[in-house]
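Reading through the structure tokens given below for one structure.
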2 protein chains.
Amino acid sequence: MTDHLLSKGARGRPRQFDPDAALITGRALFHTHGYAALGIAAITEALGIRPASFYAAFGSKAAYFERIAEAYVAEVMPLETFFRDDRPIVDSIAELLGEAARRYTAFKDQAGCLILEALRAHRGDEGRCIALRIAQIRREKLQAFIARSAPAVALIATEVVTVTMAGMSAAARDGVSCAGLEQVAAVATVGLRSLIEGSA
Amino acid sequence: MTDHLLSKGARGRPRQFDPDAALITGRALFHTHGYAALGIAAITEALGIRPASFYAAFGSKAAYFERIAEAYVAEVMPLETFFRDDRPIVDSIAELLGEAARRYTAFKDQAGCLILEALRAHRGDEGRCIALRIAQIRREKLQAFIARSAPAVALIATEVVTVTMAGMSAAARDGVSCAGLEQVAAVATVGLRSLIEGSA
DNA sequence: TGAGTTATGTAGCGTTCGCTAAATAACTTC
DNA sequence: GAAGTTATTTAGCGAACGCTACATAACTCA
């Protein structure tokens, strides 16, 4: 053990836990319980460390969540994966929504989207502020992708995708099945196809 | 003043505040801040009373919110208003979604739906439990209305409406305009029309 | 080996939360 | 008036929150 801290030239007492593994664990915890409902006590107990060690490594609960959220958005359903130029934009959106239906229901105790759910806290909530910044960046990227082939309706189409994904994340949290969400995604896609093809 | 307490035969010291007015005030407060973020201190300060008076009148924060939420769902967009038999079911749904777009953005500091936003708290949250019960009843009513004219797709259509309204409420909270949400509602309606007419 | 550095364990700070016990004030009924 | 009832004010409880000061332990470098 303690392999993770054997970075050569590291001075001082070595860490007794793996910060990267702690981020993975924290991601699951935040996804299950939400930002506000997950306390430091629960985090440190799950990690097998004391609060002081947690704060020495991550600074604050908000900073810890921020690192987790950044990694999450980079890994889960990156937009580049869906928006390719070899097919109609609607097909890319359809695949995105369908994949969201599956992702959001893949793990029963981690339903929905980590970021979109954190967004639903009250205005001043630190977790929400972090999620908001991340969601805005992703939203702009999405709009840019859509604008490449449907500039006239890019804004409204982005709004529809955003609303649908937020609603699907909420529904997943409320227990709606994968099949149910896939059907919702399909219906939303019909509307989007009409919107986009009507603008061509 | 103190007219509200002059119920004949009321014994004991009369109330110095109007409980019904306190429910109206509380509704606005919960709608603005959310269940969890609104504390007893803020409530009692807004009402001009002390915590003890609040608890003597309402019992608990959860019971207070429950009365407010029940009144809210009974008053705001009752389903009977939309689902009439003199028009296609899709038109009723379209009007419901359009009205939601307007309602959710009508007051800038009270964006979205009181119930649907309370639903987004963590599992054990008292406000969420209350909202969940209310939302489930409304959902069943909605499904029954749709099933009257489109039984084969009532479940999935209900899912689509639920997801869309949850997403619209979230979007409204995030600052999306009324016009934007109306367009989203229109796009969702296109998908729903295809779904429902395709099942006839 | 000593100095410097970093992480750990212990213990608890200060704040906010929902809520309440106890005394008192204001009313109705007898 | 006296007795009974109910709402008020005052004051603060107990628990949970995020977070931290402090002493100590474990390492690297000179």
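What you see is a predicted model; the values in this text were computed from it and never measured. To find a chain, count down the sequence lines: A is the first, B the second, and so on, and within it residues start at 1.
Without hydrogens or angle criteria, B:Thr32 side chain to B:Asp109 main chain gives a donor-acceptor distance under 3.5 Å. Put simply, the side chain of B:Arg173 never gets that close to the backbone of B:Gly112: no donor and acceptor are under 3.5 Å apart.
Proximity of B:Arg11 to the phosphate of D:dG4: no side-chain N or O atom is located under 4.0 Å from OP1 or OP2. In this model, the phosphate group of D:dA7 is approached by a side-chain N or O of B:Arg15 to a distance below 4.0 Å at OP1 or OP2. Side-chain N/O atoms of A:Ser53 include one lying less than 4.0 angstrom from OP1 or OP2 on C:dT8.
The CZ-P distance, from A:Arg50 to D:dT20, rounds to 19 Å in whole Å. If you measure from atom CD1 of A:Ile49 to atom P of D:dA25, you get 20 Å, rounded to the nearest angstrom. Atom pair B:Leu47:CG and D:dA7:P shows a separation of 16 Å (rounding to whole Å applied). Remark: C1' of D:dC19 and CZ of A:Phe65 are 19 Å apart, rounded to the nearest angstrom. Between A:Ile43 atom CD1 and D:dA16 atom P there is a gap of 17 Å when expressed in whole angstrom units.
Under the salt bridge (Lys or Arg N to Asp or Glu O under 4.0 Å) criterion, A:Asp20 pairs with no residue, sequence neighbours left out.
A cation-pi arrangement is present between B:Lys61 and B:Tyr35 under the rule of less than 6.0 angstrom and at most 45 degrees off the ring axis.
You'll find the ring centres of A:Phe30 and A:Tyr72 outside the 6.0 Å limit. Taking the centre of each ring, B:Tyr64 and B:Phe54 come in below the 6.0 Å mark.
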Please encode protein proximity along nucleotides 17-24 of chain C as a string of B, S and -, counting only heavy-atom distances under 4.0 Å. -SBBB---
